[in-house]
A.B. asks: 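Sharing a structure with you now.
Just so it is clear, the model here is predicted, and its values are computed rather than measured.
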2 protein chains.
Amino acid sequence: MARDRVLAANKILVGDCVEQLRNLPDKSVDLVFADPPYNLQLSTELLRPNNTRVDGVDDAWDKFASFEEYDRFTRAWLAECRRVLKPDGAMWLIGSYHNVFRLGSALQDQGFWILNDVVWRKVNPMPNFRGRRFTNAHETLIWAARDQKSRYTFNYESLKASNDDLQMRSDWLFPICSGPERLKDDGGRKAHPTQKPEALLHRILIGTTNPGDVVLDPFFGTGTTGAVAKRLGRRWIGVERDTDYVKAAEERIAKVKTLSTSSLETQPSKRTEPRVPFGALVELGMLRPGAPLYDERRRVRAEVKADGTLAVPGSQGSIHRLGAVVQGKAACNGWTFWHYERGGRLHPIDNLRERAKVALGLSGKQQRAEPLIAAE
Amino acid sequence: MARDRVLAANKILVGDCVEQLRNLPDKSVDLVFADPPYNLQLSTELLRPNNTRVDGVDDAWDKFASFEEYDRFTRAWLAECRRVLKPDGAMWLIGSYHNVFRLGSALQDQGFWILNDVVWRKVNPMPNFRGRRFTNAHETLIWAARDQKSRYTFNYESLKASNDDLQMRSDWLFPICSGPERLKDDGGRKAHPTQKPEALLHRILIGTTNPGDVVLDPFFGTGTTGAVAKRLGRRWIGVERDTDYVKAAEERIAKVKTLSTSSLETQPSKRTEPRVPFGALVELGMLRPGAPLYDERRRVRAEVKADGTLAVPGSQGSIHRLGAVVQGKAACNGWTFWHYERGGRLHPIDNLRERAKVALGLSGKQQRAEPLIAAE
DNA sequence: CTGAAGTTTGAATCAGACG
DNA sequence: CCGTCTGATTCAAACTTCA
């Protein structure tokens, strides 16, 4: 089958994904990174609260008539990727809840062996403008070996060392791709609607490939995979149908310099300040619903509700909002304003937050969260 | 079909999941929470349709056969859950990468409408002992409405208020179930291998059910769903096959006390508050016909008409329509766009609506809250 | 030039009542 | 079932404007 197919790395194959993959030889690729269409199927336009329109993904390449058609497409390109992978090769997929369950099932059906699912937590996701769902603040990656027997690459020590000597977990925190990294077209608009951050590919390639490995991206887009692969001294192959994307990717990758063998960049981990919301104290049982809270001088008595709000007669809201309301002020830091009673004395609920941080592992020491106010 | 099936809540149905679900009436349940078996030991536990054992996992056909069997089981209990759900009902599933892709695909295939996938990030996950994978530090939840048209319950304001006035995101941080909350058997060993933390169910039930709702858990285990449902004033039904688990769950739930009705009051939503049409302000004499209204910066001047419409030269219509027209936008909330003048200053007409609610006796508890502490 | 203030934007299956 | 109309709703970061 593959007798006259030769692997030429560091180039983009222009054309249909499955057709182009057929031109690659069997067992020639170490890793596949695939960011396939998400099949979003947006129905109507979405307005922001200020009545401006959200520039959603409505490109033709993301349109599929049904799950059946999407599954058919998925099976076709997955099968080609599997053929092209070396026996010890592996694959990364990325998707959202719209498509990732189809991807994962198809992977398993074809004999891939899932090693982890990994969650990319977005520092700065787009909010949910209508207030009808949770903020969609993550995307899901699947890491799978070609089959159960594959001796896949995993640079455990590198990842651990770059993670303050803690095992790298399955939840990763990165900002979305914006700023200077985000490619723009001639008109100054985003060149690609779904450009992935280089930090994501950086961790993947450092963690699951070795220098010199061949990385295939069958949905190359504007070439994030190629750019990071080149920088990290990996070889790469991209497949992309859209010639505008191809042009942008080629120009982008041409500017990238390969790092010297010695200089192994450490992951710039953008840690956000650990935050404990008030509701967590209720959910964790540290404050019972019905428990009273007071201001410092006991002039106001409020009651904790099961939904994580606080109430006085005639008003209910967050600890901050209610603190502002009872004082007739515009704003209030509820953490220092409200107090719980213990041993006949009042303590700011901020103290509880410190203990919750410990329970949630957001501070150094590990201990258990005991209820501090007994049920009545 | 369901003519002689009666819904008896707050009890455990002992027996096979699908068989027991068949005894529940159609459209009787508000929410399903399901924590199905994870399919971890495919090769040893699962039988082929002809009851021969699937032995050996080396063979791709066996793996496929096993997934087939798991999918058949999944479709069977999901279909019963869908039948039992009210038209506006919803479902939560929880799983790991071993089974969650099968669950999500089956949900979509049966017509459920996925609203979010949610990631439970574990504070204290089990480390990966062999250092060959990422620490499996999360599990995945799927929240889905019965179908696309379902008007599902979502207590957006409660979740936001309990999260320091920020929208609740799709990534949740909770410790695994341990300490006193973890049920032990007579030998002091954990009574159930995968007991879920009550905090997880607390957030789910607060966020997506109302007091009095019926919550069904078809894989009840040691009854976390029932315990939290009872505490939060929701009704519950469990299905469990293992009589040891049933006994542990019954003892556990018997000890739980339901919170007082007042503790369960949720943050009221502006959406559910009674509506005051603009015309009522004119009828009540709060705005006289001919009165001028302005946008925030006085760039536009409109005039109130006796019929409750608003007019600028050349255009007339509702406060919303006219606000959109003068801005050249597709939509506009007239209540916040238009302002009336009083004491030389502009105030949004939304303020008048609040006063109209009081005048019309439509105001509930969330009325004009007076400061309880005098300004200093 | 600097900092404050305002604007733009990101893989989105994003409403509900009423006639 | 479908069209019409009211009116509820956003977070973090980058970028632009202006004092």
Side-chain angles (χ1 to χ4, degrees), chain A residues 35-59 61-64 67 70 94-100 120 122-140 175-182 184 188-190 192-197 219 221 270 272, chain B residues 88 108 112-117 144-145 147-152 154 156-157 160 163-170 269-279 308 317-324 330-338 349-350 353:
Chain A
D35 180 15
Y38 283 13
N39 191 22
L40 290 181
Q41 301 184 336
L42 306 177
S43 48
T44 58
E45 70 172 13
L46 176 63
L47 296 181
R48 298 170 190 271
N50 65 1
N51 286 315
T52 59
R53 200 177 64 83
V54 172
D55 183 18
V57 177
D58 60 351
D59 304 70
W61 50 254
D62 197 43
K63 300 229 186 306
F64 295 85
F67 284 130
Y70 188 80
I94 183 167
S96 66
Y97 65 85
H98 312 86
N99 70 326
V100 77
W120 167 28
K122 299 181 183 183
V123 173
N124 47 350
M126 179 148 71
N128 183 290
F129 294 115
R130 308 303 286 266
R132 293 297 296 148
R133 303 186 180 194
F134 299 94
T135 304
N136 203 353
H138 74 277
E139 293 188 28
T140 302
I176 59 176
C177 181
S178 66
E181 185 186 324
R182 187 90 195 205
K184 302 291 195 299
R189 292 173 302 258
K190 54 190 176 190
H192 193 284
T194 70
Q195 186 181 339
K196 294 290 173 290
F219 305 96
K270 203 167 182 176
T272 54
Chain B
D88 289 339
Q108 293 178 311
F112 284 93
W113 189 246
I114 297 183
L115 300 166
N116 279 112
D117 59 337
D147 52 68
Q148 191 177 356
K149 297 286 182 195
S150 301
R151 287 169 305 172
Y152 54 91
F154 185 51
Y156 174 77
E157 286 78 11
K160 183 175 175 179
N163 192 37
D164 292 358
D165 292 324
L166 290 178
Q167 284 190 337
M168 190 66 79
R169 298 170 37 125
S170 59
S269 161
K270 228 175 170 182
R271 273 196 186 90
T272 57
E273 282 182 3
R275 197 176 67 87
V276 175
F278 180 70
S318 74
I319 54 171
H320 312 296
R321 182 60 55 96
L322 200 73
C332 168
N333 182 346
W335 290 109
T336 52
F337 179 75
W338 296 107
I349 57 176
D350 207 28
R353 183 164 60 162

A.B. asks: Using nucleotides 17-19 of chain C, report all nitrogen or oxygen pairs with the protein that are shorter than 3.5 Å.
C.D. replies:
unit_1 : atom_1 : unit_2 : atom_2 : d
C:dA17 : OP2    : B:R151 : NH1    : 3.2

A.B. asks: For D:dA8, does either OP1 or OP2 sit under 4.0 Å from a side-chain N or O belonging to B:R353?
C.D. replies: yes
A.B. asks: Considering only heavy atoms and no angle criterion, is a donor-acceptor pair shorter than 3.5 Å present between the side chain of A:K196 and the base of C:dA11?
C.D. replies: yes
A.B. asks: Within the structure, does a side-chain N or O atom of B:Y156 lie under 4.0 Å from either OP1 or OP2 of C:dA15?
C.D. replies: no
A.B. asks: For DNA chain C, just give me the dot-bracket, please: Watson-Crick or G-U, both distances below 3.5 Å, ( ) intra-strand, [ ] crossing earlier pairs, | paired with another strand, . unpaired.
C.D. replies: .|||||||||....|||||
A.B. asks: Quick one: A:I94 CD1 to C:dA11 P, roughly how many Å, whole number?
C.D. replies: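 Going from CD1 in A:I94 over to P in C:dA11 covers 10 Å.
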A.B. asks: Could you pull out all residues at least two apart from B:D88 that satisfy side-chain hydrogen bond (donor to acceptor under 3.5 Å, both in side chains)?
C.D. replies: B:R151
A.B. asks: Taking only nitrogen or oxygen atoms into account, show me every contact under 3.5 Å that the protein makes with nucleotides 6-8 of chain C, one pair per line with its distance.
C.D. replies:
none

A.B. asks: Ignoring hydrogens and geometry beyond distance, is the side chain of A:D35 in donor-acceptor contact with the base of C:dA11 at under 3.5 Å?
C.D. replies: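 Indeed, a donor on one side and an acceptor on the other fall under 3.5 Å apart.
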A.B. asks: Where the side chain of B:R271 is defined as all heavy atoms beyond and including C-beta, which of C:dG10, D:dA14, D:dT9 is the nearest nucleotide?
C.D. replies: D:dT9
A.B. asks: For residues 122-132 of chain A, which residue pairs qualify under salt bridge (charged side-chain N to carboxylate O under 4.0 Å, His left out), counting only residues two or more places apart or in two chains?
C.D. replies: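 For residues 122-132 of chain A: A:K122-A:E139.
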A.B. asks: How would you list, by chain and number, every residue that makes a side-chain contact (heavy atoms from CB on, under 4.5 Å) with B:H320, sequence neighbours excluded?
C.D. replies: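 With sequence neighbours excluded, B:H320 shows a side-chain contact (heavy atoms from CB on, under 4.5 Å) to B:S318, B:N333, B:W335, given in chain and number order.
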A.B. asks: When rounded to the nearest Å, what value does the distance between C1' atoms of C:dA11 and D:dC15 take?
C.D. replies: 22 Å
A.B. asks: Taking only residues two or more places apart in sequence, or in another chain, which ones meet A:T52 in a side-chain contact (heavy atoms from CB on, under 4.5 Å)?
C.D. replies: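 Result, side-chain contact (heavy atoms from CB on, under 4.5 Å) vs A:T52: A:R48, A:N50.
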A.B. asks: Tell me every residue that passes side-chain contact (heavy atoms from CB on, under 4.5 Å) with B:P277, counting only those two or more places apart in sequence or in another chain.
C.D. replies: B:R275, B:A280
A.B. asks: Mind listing the residues from residues 126-136 of chain A sitting with a heavy atom below 4.0 Å of DNA chain D? Number order is fine.
C.D. replies: A:P127, A:N128, A:F129, A:R130
A.B. asks: Just to confirm, is there a sub-4.0 Å distance from OP1 or OP2 of D:dT10 to any side-chain nitrogen or oxygen of B:K160?
C.D. replies: yes
A.B. asks: Between B:S318 and D:dT6, does any side-chain N or O lie under 4.0 Å from OP1 or OP2?
C.D. replies: yes
A.B. asks: Tell me every residue that passes side-chain contact (heavy atoms from CB on, under 4.5 Å) with B:A330, counting only those two or more places apart in sequence or in another chain.
C.D. replies: none
A.B. asks: Any salt bridge between A:D55 and A:K190, counting N to O under 4.0 Å?
C.D. replies: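 Looking at A:K190 together with A:D55, the answer is yes, because their closest N to O distance falls below 4.0 Å.
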A.B. asks: Is B:R321 near enough to D:dC5 that one of its side-chain N or O atoms lies under 4.0 angstrom from OP1 or OP2?
C.D. replies: yes
A.B. asks: Name the residue closer to the 5' end of DNA chain C, choosing between A:K190 and A:H98 according to the nucleotide with the nearest heavy atom.
C.D. replies: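 Nearer the 5' end of the strand: A:K190.
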A.B. asks: Just jot down the side-chain hydrogen bond (donor to acceptor under 3.5 Å, both in side chains) partners of B:S170, sequence neighbours excluded, or say none.
C.D. replies: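 Expected list: A:H138.
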A.B. asks: Could you tell me which residues satisfy side-chain hydrogen bond (donor to acceptor under 3.5 Å, both in side chains) with A:W61, sequence neighbours excluded, listed by chain and number?
C.D. replies: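 A:W61 satisfies side-chain hydrogen bond (donor to acceptor under 3.5 Å, both in side chains) with A:Y245 only.
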